[in-house]
Amino acid sequence: MNILVLGSGGREHTFAYKLAQSKRCKNLFVAPGNAGTAAIATNIDISVTNFETIKNCVVDNNIEMVVVGPEDPLVQGIADYFAETSELKNVKLIGPSKRGALLEGSKQRAKEFMMQHKIPTAAYESFTVQSLEAGKAFLEQLNPPYVLKADGLAAGKGVLILNNLNEAKQELENMLSHNKFGEASSKVVIEEFLDGIELSVFVLTDGKNYKILPTAKDYKRIGEGDTGLNTGGMGAISPVPFADEVLMQKIEDRIVKPTIDGLAKENIDYKGFVFIGLIKVNNEPYVIEYNVRMGDPETEVVLPRIKTDLADLFEATFNQNLNDISIEIDTKAAATVMLVSGGYPEGYEKGKEITGLKNVKDSIVFHAGTKMEDDKILTNGGRVIAITSLDEDYKKALKKSYQNIEKLSFDRMNYRSDIGFDL
Ligand code: AMP
Ligand code: GLY
């Protein structure tokens, strides 16, 4: 069948890389894609939120399966658009309906869902500009650090963690009264701070059945030792060494099952990924957030470990018979290191030539912000390239990635040399 992947990051290059290996895949398209996807698929220069143009592209190219990478089109209802459009309703779209995507699109909705289905998470209250004073009073009752979350999508920047009460009150006011994160912070969730170590669990569900995919841990801060500003993610490893059987059983029983059952009970169409951000506090798992898509760069370590044909898994997801298919996971560990533009996550320049890519051996190069110009590959974003390696354990895998990074260069290339430092 012909398959379209929507998105342009390292995550989407990884989807394309796996789908290109599928015996089920005839022609592969990526929209809009990057220089990496251009080498294995046909890039189509359309926006992931322009549903009308996507429809034309699907019809014109006889596309039978669409894999949605980022959250924006999901939150805007691309799955509903496909289900309601006669030419598209049989297209196997992988991604939840708009109601499902609200688990990521609204922090308050996610918290209410967790309360409703008794899923362990931090205690919280939510506030609007009308209840600003009540919000400040609520902060006074809490112990620092204070966790403030913009309700809506804020490109991963909407969470503030503050040690000082007055600063927390001021930021609450900035969010509610001064649109710090635009419309996204017209409502703010204030949450109890959980002190522990984070990990992520990925689930593929057809709305009734589910498969738990490999765990991963990402490194969000720009600086070594988890310091400095938050980024989209500077590296990741899979599996997470401390996610042992006992912890995973608790996660499945207390979090994964109630989440999937909760979606079914609420009659939510959900055929796609649930990315559960967790924190382990005294060996007990709590949910920090839901995302309704795969993580980036977590995808770059999770998918290379899945041996089962990805198109088969997606087809079973769409047909709601995920229980009839088994999933085989590589026992090897995977690690990825993200190369970023100097200055990122603040201002940075684009258009720098990337050299040395052909010299990489024994690692996989996943492109993120790159583009082709003539026969050169240029930087085209903050996160540029993820170098993934597989080996017996994550340390050996990381060593391979770092050895290959030595061969690569572009002006002001930056990366973290301490991925996995805390394990
Ligand atoms: P989120 O966008 O919800 O994933 O939050 C971003 C980051 O803030 C998370 O990855 C955590 O590191 C941190 N965080 C969010 N909520 C909490 C919490 N209740 N306690 C401690 N850290 C948190
Ligand atoms: N790496 C975190 C995310 O994709 O949200």
Side-chain angles (χ1 to χ4, degrees), residues 7 9-12 14-15 68-72 74-75 103-111 114 119-126 139 142-163 168 171 181 184-185 188-202 215-222 226-238 240 273-282 284-303 336-338 340 345 366 368 382-383 386 416 419 422:
R11 168 180 52 210
E12 288 76 19
T14 314
F15 277 129
V68 185
E71 62 276 18
D72 273 336
L74 295 167
V75 172
L103 285 184
E104 177 165 359
S106 164
K107 300 268 186 205
Q108 176 174 282
R109 159 66 181 148
K111 297 298 281 192
M114 289 184 256
I119 295 163
T121 187
Y124 80 105
E125 294 270 349
S126 57
L139 284 169
L142 298 176
N143 295 317
Y146 305 95
V147 183
L148 308 183
K149 300 187 171 183
D151 178 60
L153 290 184
K157 297 188 174 75
V159 177
L160 300 179
I161 299 185
L162 304 153
N163 285 310
E171 288 293 3
F181 299 107
S185 65
V188 173
V189 169
I190 302 182
E191 215 172 81
E192 162 200 19
F193 179 81
L194 298 174
D195 194 7
I197 186 159
E198 289 178 51
L199 73 153
S200 299
V201 169
F202 301 90
T215 56
K217 187 171 197 323
D218 81 335
Y219 291 82
K220 286 201 182 85
R221 302 294 194 95
I222 186 73
D226 279 342
T227 54
L229 293 174
N230 258 325
T231 70
M234 297 293 290
I237 57 122
S238 174
V240 178
F273 294 99
V274 192
F275 161 174
I276 312 177
L278 297 164
I279 191 157
K280 179 178 81 115
V281 184
N282 300 325
E284 306 302 329
Y286 293 83
V287 178
I288 294 243
E289 65 164 349
Y290 287 114
N291 294 303
V292 299
R293 50 168 174 88
M294 280 299 290
D296 193 352
E298 292 90 333
T299 307
E300 289 92 306
V301 290
V302 169
L303 289 194
T336 200
V337 179
M338 191 62 84
V340 305
F366 290 122
R383 294 193 294 169
R416 268 180 68 169
I419 300 304
D422 55 340

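In listed order, ligands and their atoms are each counted from 1. Heavy atoms only: backbone and side chains are in, while hydrogens, waters and symmetry mates are out.
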Original post:
Atom CD1 in Ile161, atom CG in Asn230: separation rounded to 0.5 Å?
Top reply: 8.0 Å

Original post:
What is the nearest protein non-hydrogen atom to atom 17 (C) of ligand 1, stated with its residue, atom name and distance?
Top reply: Ile288 CD1, 3.7 Å

Subject >> Min heavy-atom dist Asp195 to ligand 1 below 4.0 Å >> reply: no

Subject >> For Glu298, atoms of ligand 2 separated by under 4.0 Å from a heavy atom >> reply: 1 (N), 2 (C), 4 (O)

Subject >> Interatomic distance, Tyr290 atom OH to Ile119 atom CD1 [nearest 0.5 angstrom] >> reply: 3.5 Å

Subject >> Shortest non-hydrogen contact from Leu153 toward Val75 >> reply: CD1-CG2, 3.9 Å

Original post:
With no hydrogens and no angle check, is any side-chain donor or acceptor of Arg416 less than 3.5 Å from a backbone partner on Arg221?
Top reply: yes

**OP:** Run the numbers for me: atoms of ligand 1, each under 4.0 Å from some heavy atom of Phe193, listed by number.
**Re:** 20 (N), 21 (C), 22 (N)

**OP:** List every atom of ligand 2 that sits less than 4.0 Å from any heavy atom of Asp218, numbering the atoms from 1 in the order shown and giving each element.
**Re:** 1 (N), 2 (C)

Original post:
What part of Met338, side chain from CB on, backbone N/CA/C/O, both or neither, has a heavy atom under 4.0 Å from ligand 2?
Top reply: neither

Subject >> Pair Lys111 + Glu191, salt bridge at N-O below 4.0 Å >> reply: yes

Original post:
Do any N/O atoms on Arg11 end up under 3.5 angstrom from N/O atoms on ligand 2?
Top reply: no

**OP:** Consider every N or O of Gly232 and every N or O of ligand 2, then say whether any pair is closer than 3.5 Å.
**Re:** yes

Subject >> Inter-residue atom distance Ile197.CD1 - Leu278.CG, 0.5 Å rounding >> reply: 12.5 Å

Original post:
Which heavy atom of the protein is the closest neighbour of atom 7 (C) of ligand 1, given with residue, atom name and distance?
Top reply: Val159 CG1, 4.5 Å

**OP:** Could you tell me whether the side chain of Asp218 and the main chain of Glu298 form a donor-acceptor pair under 3.5 Å?
**Re:** no

Original post:
Nearest protein heavy-atom contact for atom 14 (N) of ligand 1: which residue, which atom, what distance?
Top reply: Ile161 CD1, 3.8 Å

Subject >> Numbered atoms and elements of ligand 1 in range of Glu191, under 4.0 angstrom, heavy atoms >> reply: 16 (N), 17 (C), 18 (C), 19 (N)

Subject >> Gly295: numbered ligand 2 atoms lying under 4.0 Å from its heavy atoms >> reply: 4 (O)

Original post:
Is a side-chain N or O of Thr231 found less than 3.5 angstrom from the main chain of Lys220, in a donor-acceptor match?
Top reply: yes

Original post:
Nearest protein heavy atom to atom 11 (C) of ligand 1, by residue and atom, and its distance?
Top reply: Glu198 OE2, 3.1 Å

**OP:** May I ask which of Glu289, Lys107, Lys149 has a heavy atom nearer to atom 15 (C) of ligand 1 than the others do?
**Re:** Lys149

Original post:
Any N or O on Asp296 sitting closer than 3.5 Å to an N or O of ligand 2?
Top reply: yes

**OP:** I would like to know whether Phe275 and Met294 meet side-chain contact (heavy atoms from CB on, under 4.5 Å); could you show each step before the answer?
**Re:** CA-CA 6 Å; Phe275 161 174; Met294 280 299 290; 5.7 Å; no

Original post:
Are Gly233 and ligand 2 in contact, using a heavy-atom cut-off of under 4.0 Å?
Top reply: no

Original post:
At a 4.0 Å threshold, what atoms of ligand 1 neighbour a non-hydrogen atom of Lys220?
Top reply: 10 (O)

Original post:
Are Met338 and Asp296 close enough, and set up right, to give a side-chain contact (heavy atoms from CB on, under 4.5 Å), and what steps lead you there?
Top reply: CA-CA 10 Å; Met338 191 62 84; Asp296 193 352; 4.1 Å; yes

Original post:
Tell me, which protein residue and heavy-atom name are nearest atom 5 (O) of ligand 2, and how many Å apart are they?
Top reply: Arg293 NH2, 3.0 Å

**OP:** Look only at the side chain of Ser238 and the backbone of Val302, and say whether a donor-acceptor pair between them is shorter than 3.5 Å.
**Re:** no

Original post:
Are any of the N or O atoms of Leu194 closer than 3.5 Å to those of ligand 1?
Top reply: yes

Subject >> Element-labelled atoms of ligand 2 that are located less than 4.0 Å from some non-hydrogen atom of Phe275 >> reply: 3 (C), 4 (O), 5 (O)

Subject >> The single option from Val159, Ile190, Val189 passing side-chain contact (heavy atoms from CB on, under 4.5 Å) against Leu148 >> reply: Ile190

